[in-house]
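In what follows, a structure is listed as structure tokens, so that the remarks can point back to it.
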Amino acid sequence: MLGVTAIVGLTVTLLSVMQLARLVQVRLDESRSHAELLANAIYHRARQVVGTSSSPYDALRADSGLRSILESSLYSENVTFAAIVDTDNVAVVHADPSLEGTALAPNADLRVLIGQSGFGQLRETYRGQGRNFDFNQPLLIGNTEFGSIRIGVSTLLVRRDLDASLRPAALTALIVLAVAIVGAMILAQVLLRPIHVIRSGLTRLGQGELNVKLDLRQQDEFGELGTFFNAASAQLSADRSQMADQVANLESAVEHLEDAVAIVDPGGELLFVNSAMALLVPGAAIGARLDRCVPEDHPLLRLAGQTLASRQSRGPMSAVFTSPAGEPAERLLMTYPIEGPDGTLVGIMLTVRNLEYLTQVQSTIRYSRKLAALGRLSAGVAHEVKNPLNAMMIHLELLRQYVSPRRTAAARADNAGAAVPSEEAGKHIDIIANEIRRLDEVVQGFLKFSR
């Protein structure tokens with residue numbers, strides 16, 4: 001509204017000043033024309049009077065026609081006086097008889113004012129309380145100048161006439177400005193609505209609301225901007241969701257670490273503290289200062305200061321903390337600088353590693369290695385046991401074939417009177433086979449247990 005009104009106001013003002021300058025030129029030119037016409041009338045009358053008299057000044061004073069012309073000058077527009085002066089600027093004949101015989105102060109020449117530009121004439125016309133300008137025309141007897149005709153023109157009278165003629169123009173300008181303000185209000189409601197909608201959408205987006213959409217269905221630049229905004233909002237919503245999942249996963253992973261982890265900004269304020277660090281360092285919380293959570297001579301504070309000063313990793317360093325159970329516990333300290341994309345130091349990460357947990361892990365690893373070695377040994381022993389058992393089973397089957405009844409009858413026919421195994425031998429073979437199967441099952445179970 002202010003912009004439209006200012007443009008219209010400046011345009012109206014500029015055009016008004018130009019028009020006023022033009023009117024000043026016209027009025028001053030008219031005043032010069034009236035003064036010149038009056039001076040010519042006085043000149044012709046004075047020439048007639050002086051031509052028939054031996055005393056020019058006395059003749060001019062005595063001529064009633066000349067005096068009538070001078071007195072009628074008061075009715076001319078913008079003319080203040082008319083007089084005939086001698087060479088010393090003493091009034092010989094004046095429209096005001098009381099001023100005859102007195103010296104008239106010289107004024108600026110009207111022709112010089114007429115020769116100025118329109119804005120110069122406007123400045124002179126509206127300067128102060130106004131000025132008087134003279135239109136001069138010399139009086140000659142032959143080639144000798146014995147006086148001059150002075151016609152006074154006042155810029156104050158010109159200004160008064162201009163003010164009277166400018167009232168309708170000023171009223172028109174006010175009406176135009178009022179129409180401009182009303183038009184600007186309507187235009188603002190029409191054009192600024194999409195901007196308000198976009199600002200509202202940006203506010204909602206800045207407050208964390210996801211998937212904000214603008215209802216801008218205009219077929220113009222605002223409509224395109226609304227389309228781009230909706231696309232950017234959807235992309236931002238997807239990125240936020242993905243980032244939230246990643247941050248949640250990261251926080252979950254850090255929270256479940258056995259190591260105590262904290263992030264400190266360059267000012268010494270804690271930005272992140274996991275549960276292990278909160279249990280290890282009483283008072284450690286987001287927003288707290290590290291130097292108020294641990295003593296001044298604590299290795300953790302000293303190591304953090306060294307990392308902030310050198311922007312290099314420090315550690316590992318052994319330090320003793322008080323465990324949640326109130327017992328002293330040895331921990332391993334390490335610090336790492338965190339730099340932003342532009343290379344500036346964002347903060348440092350503090351890690352406090354539990355050596356007892358590491359010992360337990362190492363013991364578990366050693367125990368696992370022993371179990372693995374034992375498994376390999378068991379597998380080898382079982383393999384060595386299974387091979388003889390398999391051979392024994394094969395030979396038992398061969399022996400069973402030899403002592404079978406059919407084979408025995410054939411042997412009796414071929415070898416009459418020879419000794420032949422009895423049926424008791426078959427029973428002993430079955431017992432041996434069963435025991436071998438039992439051993440095989442034991443070895444199989446042992447291999448499964450080893451795996």
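Residue numbers start at 1 and run along the sequence shown.
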Holding to side-chain contact (heavy atoms from CB on, under 4.5 Å), I want the full list of residues that pass it with [X], two or more places apart in sequence or in another chain.
X	answer
R123	R127
A35	F135, I151, V153
L14	M18
T87	none

Under the salt bridge (charged side-chain N to carboxylate O under 4.0 Å, His left out) rule, what pairs show up with a residue in [range], not counting sequence neighbours?
range	result
residues 95-104	R67-E100
residues 132-145	D134-R150
residues 81-95	none

Pairwise distance CG(L70) to CG(L38) - rounded to 0.5 angstrom |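 The CG atom of L38 is 7.5 Å from CG of L70, to the nearest 0.5 Å.
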
Would you say the side chain of V273 lies within less than 4.5 Å of the side chain of L270, judging by non-hydrogen atoms?
->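 When only atoms from C-beta onward are counted, V273 and L270 do touch, with a gap below 4.5 Å.
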
With the side chain counted from C-beta on, respond yes when T102 and V90 share a heavy-atom pair under 4.5 Å apart, and no when they do not.
->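 No, too far: nothing below the 4.5 Å cut-off.
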
Tell me whether [X] contacts the main-chain N or O of [Y] through its side chain, where contact means a donor paired with an acceptor under 3.5 Å.
X	Y	answer
T351	M334	yes
D265	G268	yes
Y43	P138	no
T335	L350	no
Q121	L113	yes
R160	T155	no

[X]: salt bridge (Lys or Arg N to Asp or Glu O under 4.0 Å) partners, not counting sequence neighbours:
X	answer
E71	none
D63	R45
R159	none

Please list all pairs passing the side chain to side chain donor-acceptor pair (under 3.5 Å) test where one or both residues lie in residues 15-31, with sequence neighbours left out.
->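 Pairs touching residues 15-31 that pass the test: R22-Q25, D29-R32, S31-N78.
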
Taking only residues two or more places apart in sequence or in another chain, which ones pass side-chain hydrogen bond (donor to acceptor under 3.5 Å, both in side chains) with R311?
->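 Result, side-chain hydrogen bond (donor to acceptor under 3.5 Å, both in side chains) vs R311: E339.
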
List the atom of F119, the atom of V17, and the distance in Å for their closest heavy-atom pair.
->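 Minimum heavy-atom separation between F119 and V17: CE2-CG1, 3.5 Å.
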
Any idea how H94 and F81 line up, ring-wise: parallel (<30°), tilted (30 to 60°), or perpendicular (>60°)?
->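 H94 vs F81 ring planes: parallel.
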
